[in-house]
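Everything below concerns the one structure shown next.
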Amino acid sequence: MDIDTEPLTRAAERAAVRAGRLLLEEFAQGTAARSKPGAHEHDVVTAADLAAEDLIAAELTAAAPGSTVIGEERGGGEGGEGGEERGGDGGHAGEVCWYVDPIDGTHNFSRGIPLWCVSIGLTIRGAPAGGCVYEPVRDRLYAARTGGVLRCNGEVVPASPPRPVPMVLTDVPRPGGVPHPAELALLADLMVAADVRRIGSAALALAYVAAGHADMAVTPDAFAWDMAAGRVLVTAGGGAFAALPDPPSTVRPGAFAAWRPGLDELGRVTVRALKGWPNG
Ligand code: 2AM
Ligand code: CA
């Protein structure tokens, strides 16, 4: 039987906004940003993350009894090499599955930088079916269903023309350690072709590309919940999306690239570069 994704995505939108507004209070108080770097900052953000994810999970399972909620905080994130894959077409999820990232852009959030969001993606039998990204600081809710149109705060987002110089939002190279030469080579290629910035929130990057604020998003280390919503937004906005691997993992980070119409050549070159990476 076909599942009506309209009420499901609406439930996700309500949950994202409710959680996002709670998180915004925490962000505005600046408790995490004021705390000394280290354990306390981490604790404050983790507590906010957990509370938001629990609120979202309760709303989603009330809206879709029997559905599976896979969250960054409570579901599968710490699995590492020995962890167990969840959701997708892995057989654990049942028909209706949600991928929840209560705060995407945790480091930005903890430092008082307003680039973070709540991301909720919906899959039906493993296939992307809908999603929303809520950006509390700007009170912007980006939402779409597969095969549908992209909306921001309920209004259809009109297509915008390509720019002479595209903007790329990325987190290449990965933070920490010495960048891999392949990462630096890709970054150099992107910088020749585009205006590049590191954003620190994969889901927000995808929402921005979907809505035409930016033209391409490239993230080297991302899990299923980082891209589940954003990929639906990008394709609803007329853009292209590629994940490596696809379906994305809940255990091992993978890469993705997304781009607006007119950037197919840069997209193709980028995906080819990502495929050569150790986790690509
Ligand atoms: P997060 O803020 O929820 O942790 C920044 O690098 C982007 O990649 C963010 O969207 C971040 O999500 C995500 N990310 C996921 N796993 C990561 C990892 N192991 N290291 C760095 N960033 C990660
Ligand atoms: Ca994330």
Side-chain angles (χ1 to χ4, degrees), residues 16 19-20 23 26-27 32-33 41-53 56 69-81 83 86-87 98-121 131-137 142 168-180 183 186-187 196-210 214 216-231 233-234 241 243-245 248-258 274 277-280:
L23 290 166
E26 183 74 52
F27 181 76
E41 174 189 308
H42 183 77
D43 290 349
V44 170
V45 176
T46 305
D49 248 337
L50 287 171
E53 187 170 314
I56 291 168
V69 178
I70 295 173
E72 170 159 27
E73 291 300 323
R74 301 239 190 246
E78 277 77 46
E81 285 297 314
R86 303 187 63 207
W98 312 92
Y99 288 88
V100 176
D101 194 344
I103 308 178
D104 185 65
T106 323
H107 286 100
N108 289 338
F109 182 96
S110 70
R111 287 168 174 265
I113 295 171
L115 288 167
W116 54 276
C117 63
V118 182
S119 175
I120 304 176
C132 64
V133 166
Y134 181 55
E135 187 184 5
V137 174
Y142 299 96
V168 175
L169 305 176
T170 189
D171 285 296
V172 174
R174 290 169 261 217
V178 179
H180 190 281
E183 293 183 282
L186 174 58
L187 185 61
V196 178
R197 45 207 70 187
R198 294 178 91 251
I199 178 168
S201 171
L204 200 55
L206 287 169
Y208 284 173
V209 169
M216 189 172 192
V218 186
T219 295
D221 258 5
F223 292 93
W225 43 79
D226 294 313
M227 52 185 119
R231 69 183 300 167
L233 303 182
V234 167
F241 176 88
L244 301 160
S249 171
T250 59
V251 178
R252 278 169 292 280
F256 72 72
L274 293 173
W277 290 17
N279 67 0

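All ligand and atom numbering here is 1-based and tracks the order in the structure. Everything numeric in this text was worked out from a predicted model, so none of it was measured.
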For the Ca ion (ligand 2), every protein N/O/S atom that sits closer than 3.0 Å, waters excluded:
D101 OD2, D104 OD1, D226 OD1
Residues in contact with ligand 1, criterion: heavy atom under 4.0 Å
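Near ligand 1, by chain and number: E72, D101, I103, D104, G105, T106, D171, G200, S201, A202, D221, F223, D226.
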Taking every non-hydrogen atom, the tightest pair across V137 and F27
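Shortest heavy-atom separation between V137 and F27 comes out as CG2-CE2, 4.1 Å.
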So, for L23 and A52, which heavy atoms are closest and what is the spacing to 0.1 Å?
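Distance-wise, the nearest heavy atoms are CD1-CB, 3.8 Å.
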Nearest-0.5 Å distance that lies between atom [atom1] in [X] and atom [atom2] in [Y]:
{"X": "L115", "Y": "R197", "atom1": "CG", "atom2": "CZ", "value": "11.0 Å"}
{"X": "T46", "Y": "E73", "atom1": "OG1", "atom2": "CD", "value": "6.0 Å"}
{"X": "L206", "Y": "T219", "atom1": "CG", "atom2": "OG1", "value": "6.5 Å"}
{"X": "D171", "Y": "E183", "atom1": "CG", "atom2": "CD", "value": "11.0 Å"}

If the plane angle is over 60° it's perpendicular, under 30° parallel, otherwise tilted; pick one for Y208 and Y142.
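Perpendicular, since the angle between the ring planes exceeds 60°.
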Which residue pairs pass the side chain to side chain donor-acceptor pair (under 3.5 Å) test with at least one member in residues 108-117, sequence neighbours excluded?
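As it turns out, the side chain to side chain donor-acceptor pair (under 3.5 Å) pairs with a partner in residues 108-117, which skip direct neighbours, are E41-S110.
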Sequence neighbours excluded, which residues qualify as salt bridge (charged side-chain N to carboxylate O under 4.0 Å, His left out) partners of E53?
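With neighbours one apart ignored, the set is empty.
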